Amino acid sequence: MTVFTVRSCKKAGDFIYPKLDIRSLDLEGVTKLVDSLGQPKFRALQLFKWLQSGVESFDEMTNIPAALRQQLDDMCYIATVKALRKYVSQIDGTVKYVYELYDGELIESVLMKYEYGYTVCISTQVGCRMGCKFCASGLYGLTRNLTASEMLAQITYAARDNDIRVSNVVMMGMGEPLDNFENSVQFLKLVSDENGINIGLRHISLSTSGVVSGIQKLAEYNFPITLSISLHAPNDDIRNKTMPVNKKWNIDALLQACKEYQKITTRRISFEYALIEGVNDSDDNARELAKKLKGIMCHVNLIPANPVKENTFKKPDRKAIIAFQKKLESLGVNATIRRTLGADIDASCGQLKKKTKEEIDGANIC
Ligand code: SAH
Ligand code: SF4
């Protein structure tokens, strides 16, 4: 599949014309483009490698003739991100970025260091339309989808800025990746391309709030990624209150889709469960959850819910979180409590963007 997107660019004299999003093209797409310009085939691989490496202008492509660089610059744009804010944790070196996109929109991204390497958490949309009650990303709805190239740019920027190689990616920043299906799939293909960033699909997690139609479509690709489901509730009563997506696809429909997905991919599924005090953290809730997950090869990630200013949700105390984990384990469900990285710069999904936007709006910068 070749995703062919254009955006309007201004040339001197205010003439507005569309430019091609060249960084979202796969090698096949770049080959067609090079071919259409009457260039030899070997240029395609050279160009593709440059585009995937994170260069921000055609001028950096030193082995491409100047005339071709100019021609490409006239026709195409290279998607980039600009770090507007950068917060570095003094505790563990986690770096959180607020990036500005070409149209002034803001997204978040996080770089985390683990024993096995560096992980980047990327955003897939500006905002989100799923409206989960505990999440800051959904507060203002969806502004727009990110292109595959804007997803890639979050990784190459972090790699270049910190002079590191990124080994893992989680699609767990702002946005619902399965609500931006084509671009997310194109991103997965590009980021794992051996001529590009070359991150193995086994090192990539895609997190969804439970878009069943997307899970079904994704199964057809049979990518060996980890599918992560933001479940957060053991029954429909609770899930309906916190996650509107549940009214379209309830827990049983979601878990059925997971089972079918697993049948095809044979991959273990990861369930995210944000513990909210008094809402989903009781002994009974753990029992209900264990029962629901029967028959699925899975792992549960327990996350102490991060308070968001706009709601009254609180995380349970440490003892209650451990008790919930022990209960699940005793019922045969594999569960871990997620380690919090960057606690001193803490801000989950969407909160940093919101803070930055408020600062900027307050200062009348934009
Ligand atoms: N839209 C996708 C991926 C992005 S959200 C999804 O929902 O899965 C990434 C994760 O952060 C999800 O598991 C989400 O439920 C969780 N999350 C969002 N706000 C949170 C909060 N305030 N506290 C804890 N986890 C939160
Ligand atoms: Fe969107 Fe995920 Fe936040 Fe829900 S948790 S609003 S799906 S980003």
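Since the structure is predicted, the reported quantities are computational estimates derived from the model, not experimental observations. These values consider heavy atoms only, across backbone and side chains, with no hydrogens, waters or symmetry-generated copies. Every number for a ligand or one of its atoms is a count from 1 in the order of the listing.
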> Show the atoms of ligand 1 that are less than 4.0 angstrom away from any heavy atom in Gly175.
1 (N), 2 (C), 3 (C), 4 (C)

> Which of the atoms in ligand 1, numbered in the order shown and given with their element, are less than 4.0 Å from a heavy-atom of Cys135?
18 (C), 19 (N)

> Do Thr208 and Glu176 have side-chain atoms, one donor and one acceptor, less than 3.5 Å apart?
yes

> Apply the side chain to side chain donor-acceptor pair (under 3.5 Å) test between Asn240 and each candidate in Asn246, Asn250, Asn235; give the one that qualifies.
Asn246

> Does the side chain of Gln70 pick up a donor-acceptor pair with the side chain of Asp74 at under 3.5 Å?
yes

> Would you tell me whether Gln125 and Asp179 have side-chain atoms, one donor and one acceptor, within less than 3.5 Å of each other?
yes

> Using a cut-off of strictly less than 2.8 Å, determine whether Cys128 has an N/O/S atom near atom 3 (Fe) of ligand 2.
no

> Answer with side chain, backbone, both or neither: which part of Cys132 has a heavy atom less than 4.0 angstrom from an atom of ligand 2?
both

> What part of Thr208, side chain from CB on, backbone N/CA/C/O, both or neither, has a heavy atom under 4.0 Å from ligand 1?
backbone

> Measure the distances from the heavy atoms of Ser230 to every atom of ligand 2 and state whether one is below 4.0 angstrom.
no

> Below 4.0 angstrom from a heavy atom of Ser209, which ligand 2 atoms are there? Numbered from 1 as shown, please.
7 (S)

> Pull out every atom of ligand 1 sitting under 4.0 Å from any heavy atom of Phe134, numbered as shown with elements.
15 (O), 18 (C), 19 (N), 20 (C), 21 (C), 22 (N)

> From the options Ser137, Ser207, Cys132, select the one whose nearest heavy atom is closest to atom 3 (C) of ligand 1.
Ser207

> Using a 4.0 Å cutoff against the non-hydrogen atoms of Ala305, which atoms of ligand 1 qualify?
23 (N), 24 (C)

